[in-house]
Engineer: 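This is the structure, below, for whatever I ask next.
In each ligand, atom 1 is the first atom listed, and ligand 1 is the first ligand listed. Note that the numbering runs from 1 along the sequence shown for the chain.
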Amino acid sequence: MSAHLGTAERPLRVAIVGAGPAGFYAAEALLKQKDLVCRIDFFNRLPTPYGLVREGVAPDHQSIKAVTRVYDKLAAGTNVRYFGNVTFGRDLHHADLKARYDQIVYAVGAQSDRQMGIAGEDLAGSMPATVFVGWYNGHPDYCDLAFPLDCERVIVVGNGNVAMDVTRILVCDPAELAKSDIADHALAALRGSKVREVVMLGRRGPVQAAFTNPELKEFGELAGVDVLVDPADLDLDAQSEASLAEDKTAQKNVALLRTYAARGETGAPRRIVMRFLASPVEVLGAEGKMTAVKVERNQLVAAADGTMRPKGTGVYDTIEAGMILRSVGYKGVPIPDVPYDSAKGTIPNVAGRVTSPESNAVVAGEYVVGWAKRGPSGVIGTNKPDAAATVAMMLADLPHLPAASNAEDVATLLAERGADAVSYADWKILDAHEAALGAAQGRPRVKVTRVDEMMAIIRQGR
Ligand code: NAP
């Protein structure tokens, strides 16, 4: 028993692995506890914090990035330290954390993507949308990639908000993007892009689409872009009509789609074609490169749980295209010495308490938040109540928690291992550098996209 944990005499020591929204909201929920004294250390693979707020949110959605002010305030607290440029499983191991922290929170997100599982998916020109997102947002892992933007038509598979983001970025005016913090390499490539049409393929109908109203409304407001919808796709089956009556988001979506269908072509230079009840069944190509996608028309059938599922009708057509971006969901990847549910791509847990996949028993002192906990769903704000729910479990466990030993401070350990950990003050040096470059161009920032360049700027400014 360790009833004294969380007091001034023995503050609770918490490690948070991952400094994205879910990690910050976990810290916020802990720091909000009036009677709890805790010390929080963040560990983050990249030198830069904020996770998907920096590397996922589309560059033309700058206002969403204002949440980082809240994260900065949290990180400035005397009870919080940030260790960026530290890879869990390489610079720092599970056992290192166990020896030093009473509780560990995994906030590692979902670092990979789901596949469609169709022939030709690996041809050149067929890529995950998540990688395209990382590329235009200046994620160091993707900054050297090249996308075949010398084609006229791109196919985007999926009807979620990521599909909406990548579609918008492909057809919007680069002059607009030039006002944002889009990565310079992406801006240059998009300026030279020959893409004139993006075909979005939704495997189910408009009522079942996962995208939300503001994103669909934005399509209709893009200058120089026609949004084309086949009115026949908006003839709903009886069950879709019934579910529409109970779903306000779907009602607004369908209303907007009807407006687009009625507007039709205006002769704009670029276009978005939104097709529904259409599944890619094969990526076709020649000499290792994709050239077209074979698409099957679907119908909707009610599953046992009442949801409407797509079923192929055996009617096919082929769409020529130079690139296909699959946007069918993110997927978590395992991290060393931490339980992993390969089917869900998450860290197995019960209400945020990590569990063993073999025995289902709770792993004492280990917790999970965000996409690693519930899978890749929800907006940034969803992570706030999600993290608070996990923190409630952490607090409930305190009286029974064995206190960690007094191993040497993690900063000493990292230094001994030769890791050049980035503090929050270090990040602010890089932040100021990026902001100054941006100010000179009338942009929020110009992102540094390589870790070695980030570290050189930080070392110079320390
Ligand atoms: P998502 O919302 O789960 O959408 C995934 C889409 O892929 C769905 O339309 C799904 O269709 C489709 N899909 C899955 N498997 C497929 C297959 N084999 N063939 C064809 N289509 C398939 O995921 P996401 O777009 O990656 O977004 C992740 C989360 O981040 C979401 O909660 C999203 O709202 C959020 N986000 C928000 C914003 C924003 O607020 N602006 C921006 C980006 C992301 P079914 O419905 O038929 O399964």
Engineer: Do Tyr142 and Tyr136 have side-chain atoms, one donor and one acceptor, less than 3.5 Å apart?
Structural biologist: no
Engineer: Just which atoms of ligand 1 are under 4.0 Å from any heavy atom in Gly329?
Structural biologist: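 Once the distances to Gly329 are compared, the set is 26 (O).
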Engineer: Could you tell me which atoms of ligand 1, counted from 1 in the order shown, lie closer than 4.0 angstrom to a heavy atom of Val157?
Structural biologist: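 Within the 4.0 Å cut-off of Val157, ligand 1 contributes 20 (C).
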Engineer: Measure the distance from atom 22 (C) of ligand 1 to every protein heavy atom, then report the residue, atom name and distance (to 0.1 Å) of the closest one.
Structural biologist: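 Here the closest protein heavy atom is Val328 CG1, 3.3 Å.
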Engineer: Using only heavy-atom distances, determine whether the side chains of Thr346 and Asp341 contain a donor-acceptor pair under 3.5 Å.
Structural biologist: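 On atom types as modelled, these side chains do not qualify, holding no pair under 3.5 Å.
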Engineer: Within this structure, what is the OH-CZ distance for the pair Tyr71 and Phe42, rounded to the nearest 0.5 Å?
Structural biologist: 10.0 Å
Engineer: Number the atoms of ligand 1 from 1 as they appear, then name those within less than 4.0 Å of a heavy atom of Ser377, with their elements.
Structural biologist: 32 (O)
Engineer: Distance under 4.0 Å to a non-hydrogen atom of Val379: what atoms of ligand 1 satisfy this?
Structural biologist: 40 (O)
Engineer: Look at the aromatic rings of Phe88 and Tyr106 and report parallel, tilted or perpendicular, splitting at 30° and 60°.
Structural biologist: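 The rings of Phe88 and Tyr106 stand perpendicular, inter-plane angle above 60°.
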Engineer: Using residues 317-325 as the side-chain source, report each donor-acceptor pair under 3.5 Å to any protein atom, sequence neighbours left out, with the distance given to one decimal.
Structural biologist:
unit_1	atom_1	unit_2	atom_2	d
Asp317	OD1	Arg275	NH2	3.2
Asp317	OD2	Arg275	NH1	3.0

Engineer: So, Trp427 versus Tyr82, ring centres under 6.0 angstrom or not?
Structural biologist: no
Engineer: Has Ser279 got any heavy atom lying under 4.0 angstrom from an atom of ligand 1?
Structural biologist: no
Engineer: Quick one: ring-ring contact (aromatic ring centres under 6.0 Å, His included) partners of His433, sequence neighbours excluded?
Structural biologist: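 His433: no ring-ring contact (aromatic ring centres under 6.0 Å, His included) contacts found.
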Engineer: Could you tell me, atom by atom, which parts of ligand 1 come under 4.0 Å of a heavy atom of Asn159?
Structural biologist: 6 (C), 8 (C), 9 (O)
Engineer: Side chain or backbone of Asp165 under 4.0 Å from ligand 1, or both, or neither, by non-hydrogen atoms?
Structural biologist: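 Under 4.0 Å from ligand 1, Asp165 contributes side-chain atoms alone.
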Engineer: Considering only heavy atoms of Pro376, which atoms of ligand 1 have at least one such atom less than 4.0 Å away?
Structural biologist: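 Reading through ligand 1 atom by atom, the close ones are 28 (C), 29 (C).
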Engineer: Enumerate the atoms of ligand 1 whose separation from the nearest heavy atom of Gly160 is less than 4.0 angstrom.
Structural biologist: 2 (O), 4 (O), 6 (C), 9 (O), 25 (O)
Engineer: Out of the candidates Arg445, Arg443, Lys428, only one should pair with Glu434 under the salt bridge (charged side-chain N to carboxylate O under 4.0 Å, His left out) rule; please name it.
Structural biologist: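 The option that passes is Arg445.
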Engineer: Using protein heavy atoms only, decide if any is under 4.0 Å from atom 3 (O) of ligand 1.
Structural biologist: no
